[in-house]
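Single-structure report; data block below.
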Amino acid sequence: MQVNSEFKPKIVAFCCNWCSYAGADLAGSSRLSYPADVKIIKVPCSCRVNPLFVLRAFEKGADGVIICGCHPGDCHYSTGNYYARRRMTLLFSMLDYLGIEKGRTRVEWVSAAEGVKFSTVMNNFVSKIYQLGENVKLGDLRCRK
Amino acid sequence: MVHKSLEQACLIMDRSGVDTRKCMMCGKCSATCPAFDEMDYHPHQFVKMVTEGDIESLLSSKSLWKCLSCFACVERCPRGVEPANVVEALRVTLLRRQGENYITADDIPGLLDDKLPQQAIVSAFRKYKK
Amino acid sequence: MQKIGVFVCWCGSNIAATVDVAEVVQAVKTQPGVAFATDYQYMCSEAGQSIIKNAIKEHDLTGIVVCSCSPRMHEATFRKTAQAAGLNPYMVEIANIREHCSWIHKDKNEATQKAIILANAAVAKVNLNAPLVQGESSVTKRALVIGGGIAGIQTALDIAEAGYEVDIVEKEPTIGGKMAQLDKTFPTLDCSACILTPKMVDVAANENITLYTYSEVEQVKGFVGNFSVTIKKKARYVKEDLCTGCGECMSKCPSKKGKDEFNCGLNNRTAINIPFAQAIPNVAYIDAEQCIKFKTGKCGLCEKTCSANAIDYNQKDEIIEREYGAIVMATGYEPIKLDKFDEYQYSKHPDVITSLELERIMNAAGPTGGTLLKMSDKEHPHSVTFIQCVGSRDISGRGKPYCSKICCMYTAKHAMLIRDKYPDVEVNVFYIDVRTPGKNFDEFYRRAVEEYGVNYIKGQVGKVYEKDGHLVVQAVDLIANKQLVLDTDMVVLATAIEPSKTARDLASMLTASIDTNDFITEAHPKLRPVESPTAGIFLSGVCQGPKDIPETVSQAGAAAAKVIGLLAKDKLLTNPCVAHSDELLCNGCSQCEKVCPYGAISYIDKEVNDHGVRETRRVAQVNEALCQGCGACTVTCPSGAMDLKGFTNRQIMAEVDAICK
Amino acid sequence: MQEVIKKRVKELFDNNTIVRAIGWENGEFFYDHTPAVFDSAADMDVFVYDNFCASNLSKYLINHCAPEGKTLVLLKPCDTYSFNQLLTEHRINKDNIYIIGIGCDGMVDIDKIRALGIKGITKITQNGDELVIDTMYGEKKCKKADVLLEKCLSCKGKKHMIYDELISENEDEMPQDASKRFDLVNELENMTSEERFAFWQNELSKCIRCNACRNICPACSCRKCVFDNSASGVASKANADSFEEKMFHIIRAFHVAGRCTDCGECTRVCPQGIPLHLLNRKFIKDINTLYGEYQAGETADQRGPLTDYTQQDVEPTFISDKEVK
């Protein structure tokens, strides 16, 4: 695959308020770096992430979308991440079925105590997106500059 | 200066796949080692010496060849440090310095024959692939 | 159109060293809706907040964005600031340019560009924010403490002392917990029972405290101020109100082969049992699995013996439902199982014991009546070897990665007590590091070495084995650089501690965060150490992290203070970021109802006016007092009728758009 | 069969059991039957039931039930699944509805007959397994099994899941071999990612956003679709580019995931011939393999797989980290 050295991916990370957003804060206060391509959107729970948001991000030119929530069983709202898990599994499977690179979407469970994991997860995800290159299959061409 | 050679330390860590900095100096490896009394440097010392980059002293030590590779230290280390793998990496390092018997991984297939035990093949790859 | 003010904080050099704040200010000024933008060294300071207040008034701002540290730090601060200037507090958004930007990036240009994007996303969101009003909910003035060890006891006593009712749920037949099993306590060598049992008696006597022993929490529903808890009180087969605790039944019971849990299984107990003499409540219980009456239907000796007629073989588990305003987790710890540490022979040799077992052996009420004896032959030992860090600081997967914190001190205590009582016994302690941070702790340890002649050897034990009828310890002395092979009569393992096995399930029920080691996570490691991030849930004792008794008691008191602070309020303000259903879009399909964890959604038949068409429709209705704002319903709703205030579909999509621009 | 049904429905009108009936009548062509609302016994004269009554009538109950009294609906076995699903979702009220379950041995696709080279068709009658086709060029014959509608090829069986009375001869007949139901999905899954992309790009680019798939679907029955709602942030009336084609169809399929009974109406009505049911079936297949066999509409009180969970559900990384073909 041709790797464009100018390529700066756009990566949207949906993080639940209770675990993963706090995990990202911990990564920050522990100075555990990950690429600046990742931009975090706070949601109350991973179950707030609508498949529409994921598609919207790709439409607007995102190259990767990652959703982070509490570990299954640890959801602040007891059950939210269980629903998110099913929804995203099915959505990702559908995107794969449509021929969209499956590496562009991911769900990871990161607790408030897992700053290291947050940084590792983001580093791995970003490097995957660099490998995949620009998202051309699922973007709205009008949103490309 | 504590560090003799950071470069050498990294080389051994890389070759052995062991991060010796995880060691908390509990000495359980040395407590476990059946060959302790035969050695000039003891297992917990190898680990410390690798961290400090004092590889040359280790390479000339007889401990290197006293290790039985029984892996008791690997089994019991609470930090997952795997001292026996460090020993193996040091042995390989020494082997590679002896120009004559240094072969490359590519040479191995040509040297294989049907009667060679599986273990020998695997160990040859392990030695020369690192 | 909103008029938005953007305030970029330098956070001293924390942000400004990596992010060009002036450039961020210039960049956001070009964003739609932005009417004012500025930067300041410390936005959270009094002066910084004044800048915000003045700008709100001067520029008639309708919303503000603060680019600063995490909203988890100062969102509340800036909401108050906005409110003080007459702005709805929910018209404030935080762009996290410290934890999520300046602290993790080194390249100034890169960090600045990211900060601009994060600020733009926040601006895009505020453009769609609407003022929200917090609702009110009531507070049930009663607290629940889960766990009746020293942590739970102290918390309950302090809450009760302040005049609030408090219930303790304890899974064992008596309160007291681990502290009741200890012989002496470091560093003063106080008798553990002597200082604990008066507190236990206080609990029983306090009219504000209700004890549910031999009970478990089955289910928790609700939220801060309004928890609804189901407690299962297991059948004791002994009527609590009639039993006098005389113990006559125990002397008659023919089934004497049960492992005495209180003595760590070192001796046997009867099927009908009172765990120890000072048990609270001092009431027997029948172990139905061991009892002959339950197994064969014959016997009934205890019933015949009991002059109080307290025995009731037909007693059933009782389900109790209660409402609470606050819940305290005080579930404590257990020593880990040692089945993965075969090299120490724990499961094979009776003279290899854990420290907790040694506590029982040293205790006058223990299996040997307080005399130090080998469990194998009940003979006096001549040498005892202590091994520290058994399973602690272990990342190999066999043990626990953390330091169990209490072992160094109790091992010093044990060594000292043995040398004190039996000067003929040689005591060796194998250690990795001796950790003694605490008042009089290091002095205590030094006394063990200097006054009592305990041999401390830096190094670990590789293995313990039996040879010619005695135990042999193979170890290393790292300072002498020698391998040691020592004969010994007893080996005591300073076993790592882990949170009670019940902690994880309870945390799930309480929706309290829990870490990978099963310790309950605190809301902030430094500033809110006794609260869970889940409002209304508090932490007391080892369930939050390893602690000794003094620390546990302080934390227990702190948790009680937090509970009292909560129960003292008549009303709580609720989170206004709740779900809301647009009745014109609602299909009434009931899918959202199914995923709501709080039962906050109900359906009503309502007359609606859909663009002139008046009809009665089945529509969803959200009970705002019950809704906690997770948003599960919003994604289940195909028509988008259900939306979440503060995190609406359009707000989140606006953020997505801004980030991907 | 048509006459038996007609007679019975007229009886029910006459004895005031029902005030309205929903059935089919002739459309533009004899093979083009359309759903119809009958308000009296006399209206029923134009009622038809033959090989071309494919449309699933259950969805019409949402908006076409009589305001007072009972409305009768004629449901083929597969239609009863949709009916149950609508009951589950409280979109219809069983108290106001009278169901006659009617037998069905598969509906016929006129285009498949034409594809056999049979032209100028004027009438089709069934004789056992055979269709007798009158054409302007004389009588032709073909096997009915060869010209069944796509949706009938994975028939769920002849059993009605819900009814008040039955007019059916083959109620106990087992479903014909439905093992081929996922063949096309499997085939797609076995392609490389690039091939799949090309396949769907080709198919979905035909979409003209006529919304027939949405409007016919008994599960896709929102009062107002997100794509029509200007406040939703995703409103769009026409596909502006390939992304919007995909977006619409992914979301359409996702919104009915776990609720779709696989009635196949979407594909049947697509004027562009896009195999839309392959999207729905992908979700059904994933749900069946990952969360256990589930048939939407089997009963009226099921909890759908997307409003349910188990603690041991597979992780999404199972998809993300799967070997790339």
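Within every chain, numbering begins at 1; the chains are lettered A, B, ... in the order of the sequence lines, protein sequences first and strands thereafter. Note that the coordinates shown come from a computational prediction; the quantities given were computed from them, not determined experimentally.
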Given heavy-atom pairs under 4.5 angstrom as the criterion, report whether the side chain, backbone, both or neither of [X] touches chain C.
X	result
Cys75(A)	backbone
Tyr21(A)	both
Ala113(A)	side chain
Val49(A)	backbone
Ala84(A)	neither
Tyr34(A)	both

Treating Arg48(A) as the side-chain partner and Thr634(C) as the backbone partner, does any N or O pair qualify as donor plus acceptor under 3.5 Å?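 Not at all, since once roles are kept as given, no pair shorter than 3.5 Å links the two residues.
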
Before giving the answer on side-chain contact (heavy atoms from CB on, under 4.5 Å), spell out for Val656(C) and Phe14(A) the whole-Å C-alpha distance, their side-chain angles and the decisive distance to 0.1 Å. CA-CA 10 Å; Val656(C) 168; Phe14(A) 292 99; 3.7 Å; yes

Is a side-chain donor-acceptor pair under 3.5 Å present for Asn649(C) with Arg56(A)?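 No.
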
Does a donor on one side chain and an acceptor on the other come within less than 3.5 Å for Arg87(A) and Thr636(C)? yes

Just give me the residue among [options] that pairs up with chain A most often, heavy atom to heavy atom, under 4.5 Å.
options	answer
Pro533(C), Cys101(C), Cys69(C)	Pro533(C)
Leu118(C), Asp107(C), Ile659(C)	Ile659(C)
Met73(C), Arg98(C), Glu110(C), Lys106(C)	Glu110(C)
Asn96(C), Thr516(C), Asp515(C), Thr521(C)	Asn96(C)
Ala111(C), Pro597(C), Ala122(C)	Pro597(C)

Less than 4.5 Å apart, any side-chain heavy atom of [X] and any of [Y]?
X	Y	result
Pro44(A)	Cys630(C)	no
Leu32(A)	Ile104(C)	no
Lys661(C)	Lys60(A)	no

Tabulate, in ascending numerical order, the residues of residues 503-514 of chain C having at least one heavy atom closer than 4.5 Å to a heavy atom of chain A, or enter 'none'. Arg504(C), Ser508(C), Thr511(C), Ile514(C)

In Å and rounded to the nearest 0.5 Å, what is the [atom1] to [atom2] distance from [X] to [Y]?
X	Y	atom1	atom2	result
Ser532(C)	Trp18(A)	OG	CH2	8.5 Å
Ile41(A)	Lys125(C)	CD1	NZ	9.5 Å
Arg72(C)	Leu26(A)	CZ	CG	9.0 Å
Lys39(A)	His100(C)	NZ	NE2	13.0 Å
His524(C)	Asp25(A)	NE2	CG	9.0 Å

Between Val65(A), Ile40(A), Thr79(A), the one whose heavy-atom pairs under 4.5 Å with chain C are most numerous: Ile40(A)

Mind ranking Ala24(A), Gly80(A), Cys16(A) by heavy-atom pairs under 4.5 Å with chain C and telling me who comes out on top? Ala24(A)

Using the side chain to side chain contact (heavy atoms under 4.5 Å, CB included) rule, pick out the option among Ser29(A), Ser30(A), Ser33(A) that qualifies with Trp103(C). Ser29(A)

Identify which part of [X] has an atom lying under 4.5 Å from any heavy atom of chain A, answering side chain, backbone, both or neither.
X	answer
Ala121(C)	neither
Asn14(C)	side chain
Phe223(C)	neither

Atom NZ of Lys221(C): over 12 foreign heavy atoms under 6.0 Å: no

Look at atom NE2 of His580(C) and say whether more than 12 heavy atoms of other residues, nucleotides or ligands are closer to it than 6.0 Å.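 Atom NE2 in His580(C) is not packed in, count stays at 12 or less.
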
Give the minimum heavy-atom separation between Ile652(C) and Val43(A), together with the two atoms involved.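 Scanning both residues, the minimum pair turns out to be CD1-CG1, 4.0 Å.
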
Give the minimum heavy-atom separation between Phe53(A) and Met653(C), together with the two atoms involved.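 Where Phe53(A) meets Met653(C) most closely, the heavy atoms are CD2-CG, 3.7 Å.
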
